[in-house]
Amino acid sequence: MPEVTTPYATGTPCWVDLMAKDQQQALDFYRDLLGWQGQPGPAEFGGYAVCELAGKAVAGIGPAMAPEGMPEPPTVWTSYLASSDAQATQDAIVAAGGTLIVPVTDVGDLGRMLVAADPQGAVFGVWQPGTFFGARIVNEAGALTWNELHTSDVAAATAFYGEALGIEVKRMEDAEVDYWALNVGDRAVGGATLLANDPPGTPAHWLTYFAVDDVDSTVDALVKRGGMVLAPPFDMMAGRMTVVADPQGAPFAMIRPTPM
């Protein structure tokens with residue numbers, strides 16, 4: 001199983017996490033579904049659990065907590081984009097018209113983070129690595145394999161993510177539907193699609209994709225464990241995929257990628 005051993009380039013999705021109303025239920029659900037191992041972490045980090053696959057970090061699950069007087073955060077997977085300088089990225093996000101949700105915060109010696117929304121409202125995180133640089137296993141069954149921006153305005157998103165994080169957005173000419181690659185350097189690190197393809201009323205968002213060996217049987221297992229199917233399994237250019245939600249309502253996608 002290939003392991004990521006060096007920090008991610010700025011703009012590359014490097015981590016995903018979920019803030020769940022019932023942390024233990026979420027830990028149990030993803031353990032059964034994707035084979036993760038994770039335990040609530042130290043109180044100094046709010047009990048945040050770093051989940052592992054084959055002993056290597058793949059994703060985080062924390063308990064949903066809201067500052068006093070604030071509404072509880074939605075139960076969603078958040079994509080984190082790597083940065084070598086979180087403060088400079090925060091400044092660039094604000095200058096480009098983004099909105100800060102959680103300003104730059106130190107997470108012990110692990111790194112620095114912030115959470116923001118782009119001008120269309122899609123929420124994302126930024127991670128500057130310290131001793132922890134993000135997911136150690138990706139693109140394997142049970143691990144993160146793709147991060148996809150759903151936006152109402154591709155041109156505006158292109159300008160924002162280019163200015164804030166140096167991401168280049170390029171239309172994929174051979175795609176079956178309107179689709180854009182998010183490139184860092186000469187490598188596609190994620191995708192973008194039109195919000196018009198989502199159910200009416202869906203806000204702009206980042207969608208997390210996890211790889212699985214068998215989409216259909218994993219969907220069956222998800223339903224038996226209280227999850228919900230939002231888009232039944234279907235075949236597309238990149239493989240066989242589905243969009244689902246966990247028992248607490250967090251949407252995510254699963255895909256069995258077409259072998260390259």
Side-chain angles (χ1 to χ4, degrees), residues 1-17 53 56-60 77-86 88-89 92-93 96 98 111-114 116 118 120 122-130 132-151 154-194 204-212 236-241 252-260:
M1 188 175 282
E3 182 183 345
V4 181
T5 56
T6 55
Y8 291 81
T10 292
T12 305
C14 63
W15 187 244
V16 291
D17 69 14
L53 187 68
K56 306 294 181 185
V58 287
W77 281 97
T78 298
S79 294
Y80 287 78
L81 308 177
S83 170
S84 59
D85 185 335
T89 299
I93 286 169
R112 309 186 82 201
M113 63 157 285
L114 66 93
D118 69 21
Q120 282 66 53
V123 174
F124 64 97
V126 170
W127 181 255
Q128 175 189 331
F132 181 82
F133 59 75
R136 297 292 292 267
I137 294 176
V138 294
N139 304 327
E140 292 284 343
L144 177 68
T145 193
W146 195 243
N147 302 73
E148 183 176 81
L149 174 66
H150 290 229
T151 183
V154 173
T158 300
F160 173 79
Y161 288 99
E163 187 177 335
L165 286 145
I167 297 170
E168 188 179 11
V169 183
K170 283 190 169 179
R171 182 185 286 273
M172 294 179 70
E173 300 298 343
D174 54 349
E176 298 153 6
V177 295
D178 283 339
Y179 201 83
W180 290 260
L182 306 181
N183 292 343
V184 170
D186 57 359
R187 192 167 79 88
V189 298
T193 187
L194 293 170
H205 63 282
W206 281 82
L207 182 66
T208 294
Y209 281 66
F210 297 116
V212 294
M236 40 80 85
M237 185 176 67
R240 185 162 179 79
M241 68 166 286
F252 62 98
M254 298 188 294
I255 186 168
R256 184 180 190 276
T258 301
M260 299 300 284

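Note that the OG1 atom of Thr193 and the CD atom of Glu148 stand 5.5 Å from one another [nearest 0.5 Å]. In this structure, the separation between CG on Leu144 and CG on Asn139 is 7.5 Å, given to the nearest 0.5 Å. Atom NZ in Lys170 sits 6.0 Å away from atom CG in Asn183 (nearest 0.5 Å). How far CE of Met254 is from CE of Met241: 10.0 Å, rounded to the nearest 0.5 Å. Separating the CG atom in Leu182 from the CG atom in Asn147 is a distance of 9.0 Å, to the nearest 0.5 Å. Taking CZ of Phe210 as the reference point, atom CD of Glu140 lies at 14.5 Å (rounded to 0.5 Å).
Heavy-atom minimum distance, Gly125 versus Thr78: N-CG2, 3.8 Å. When all heavy atoms of Ala156 and Gln120 are compared, the pair lying nearest together is CB-NE2, 3.4 Å. Smallest separation of non-hydrogen atoms from Phe133 and Thr6: CE1-O, 3.5 Å. Residue Thr89 comes nearest to Ser83 through the heavy atom pair OG1-OG, 2.6 Å, listed as atom of the first residue, atom of the second, then distance. In this structure, Ser79 and Thr208 approach most closely via the heavy-atom pair OG-OG1, 3.7 Å. When all heavy atoms of Gly185 and Glu168 are compared, the closest pair comes out as O-OE1, 4.5 Å.
In this structure, Trp127 has no side chain to side chain donor-acceptor pair (under 3.5 Å) partners at least two apart in sequence or on a different chain. For Tyr161, the ring pair (Phe, Tyr, Trp, His ring centres under 6.0 Å) criterion is met by Phe124, Trp206, not counting sequence neighbours.
No more than 12 heavy atoms of other residues, nucleotides or ligands lie within 6.0 Å of CZ in Arg256, so this atom counts as exposed by the packing criterion.
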Cut-off 3.5 Å, no hydrogens considered: what does the side-chain donor-acceptor table look like for residues 7-17, sequence neighbours left out?
unit_1 : atom_1 : unit_2 : atom_2 : d
Tyr8   : OH     : Ala135 : O      : 2.6
Thr10  : OG1    : Ser84  : N      : 3.2
Thr12  : OG1    : Ala9   : O      : 2.9
Trp15  : NE1    : Tyr48  : OH     : 2.9
Asp17  : OD1    : Tyr80  : OH     : 3.4
Asp17  : OD2    : Tyr48  : OH     : 2.8
Asp17  : OD2    : Tyr80  : OH     : 3.0

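Arg136 places a side-chain N or O within 3.5 Å of a backbone atom of Val4 that can act as its donor or acceptor partner.
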